[in-house]
Amino acid sequence: MVTSKKVTKPAPRVIRAASRSVATRHRSHALAPEHLGERASLALLVMAIAGIAVLISAIAVLVSGFTMPSRFPSSAPPNLGQLGVGQVIGGGLVLVLAIAIVAAVTGTFLDVRGARRTAVALGVLTAAAASLGVVAVMTIGGGDQPLATVLLIVGILFAGSSVILGRTPRPEPADRP
């Protein structure tokens, strides 16, 4: 005697319209904030890393300017007091710019009002300053090609990040119909 149990499938589940929109809505990557999106968060990361690098470089230039007189223990030049002034002023200006970049990037990440536009403007300003730096470095004396290359890379990174951050629209919130 052979007996078999008949297998039945459960009835298909009816999906309501409200739950369907939740199931099919766009979800951002785990590391990208929803108010930025993928491309803008990547541009923001590049600006943050480059901003911190500029901050470290500005501190190095300041220290170099302040310690200029100690490089001449004997037979100091007559204008020793004026040698490091340009480095101190330039390093101070770059330090202020770097702090502003890091603050704007942090504000954009935290979705502070107006921080995104400020980050874009500071990125464009930094790209322009880096391109002027390339021209200045290459026209002075024989030119310092490694320094000009680094300035060119920094300018391209800031320009590209500013374009991406400025042109990427804010994603629509998921709860809007």
Side-chain angles (χ1 to χ4, degrees), residues 29-33 35-168 170:
H29 189 272
L31 297 177
H35 65 88
L36 288 175
E38 293 292 327
R39 291 184 336 172
S41 64
L42 180 63
L44 199 65
L45 178 65
V46 168
M47 285 184 77
I49 292 170
I52 291 171
V54 170
L55 180 75
I56 293 169
S57 299
I59 292 171
V61 169
L62 274 172
V63 168
S64 175
F66 282 130
T67 59
M68 181 69 72
S70 67
R71 295 187 196 146
F72 301 99
S74 63
S75 67
N79 62 347
L80 180 64
Q82 299 170 352
L83 283 180
V85 173
Q87 285 182 329
V88 170
I89 292 172
L93 292 173
V94 173
L95 181 68
V96 169
L97 177 65
I99 290 171
I101 290 169
V102 171
V105 165
T106 304
T108 304
F109 183 76
L110 297 174
D111 201 18
V112 174
R113 184 180 186 101
R116 189 171 181 158
R117 281 188 228 111
T118 305
V120 169
L122 288 171
V124 169
L125 176 69
T126 305
S131 63
L132 290 175
V134 169
V135 171
V137 165
M138 293 309 289
T139 56
I140 296 173
D144 189 2
Q145 290 180 350
L147 178 60
T149 303
V150 169
L151 285 171
L152 181 65
I153 291 170
V154 166
I156 290 170
L157 287 175
F158 273 106
S161 296
S162 297
V163 167
I164 291 171
L165 192 60
R167 291 185 54 90
T168 305
R170 290 179 61 100

Worksheet, complete the sentence: Note: A98 and G51 closest approach over all heavy atoms is CB-O, 3.9 Å
Worksheet item: Does a side-chain heavy-atom distance below 4.5 Å link L62 with L95?
Response: yes
Response to the item:
Between G123 and F158, the two heavy atoms sitting closest are O-CB, 3.5 Å
Discussion item. What's the separation between atom CG in L45 and atom CG in L36, rounded to the nearest 0.5 Å?
Written reply: 11.5 Å
Item to complete: Kindly give the heavy-atom pair with the smallest separation between A115 and G107, and that separation in Å.
Response: CB-C, 3.4 Å
Discussion item. If I compare all heavy atoms of G155 with all of A127, which pair ends up nearest, and what's the gap?
Written reply: O-CB, 3.5 Å
Discussion item. Just verifying a value: how many Å separate D144 CG and T149 OG1, rounded to the nearest 0.5 Å?
Written reply: 8.5 Å
Item to complete: Supply the atom-to-atom distance L42 CG to L165 CG, rounded to the nearest 0.5 angstrom.
Response: 11.0 Å
Worksheet item: To the nearest 0.5 Å, what is the distance between CD1 (I101) and OG1 (T118)?
Response: 12.0 Å
Fill in: N/O donor-acceptor pair under 3.5 Å between S64 side chain and A60 backbone
no
Fill in: Closest contact, heavy atoms only, M47 versus V105
CB-CG2, 3.9 Å
Worksheet, complete the sentence: Separation between CD1 (I52) and CD1 (I99), nearest 0.5 Å, reads 12.0 Å
Discussion item. With rounding to the nearest 0.5 angstrom, report the CG to CG distance, L147 to L151.
Written reply: 4.5 Å
Worksheet item: What heavy-atom pair brings A119 and S162 nearest, and what distance separates the two atoms?
Response: O-OG, 4.5 Å
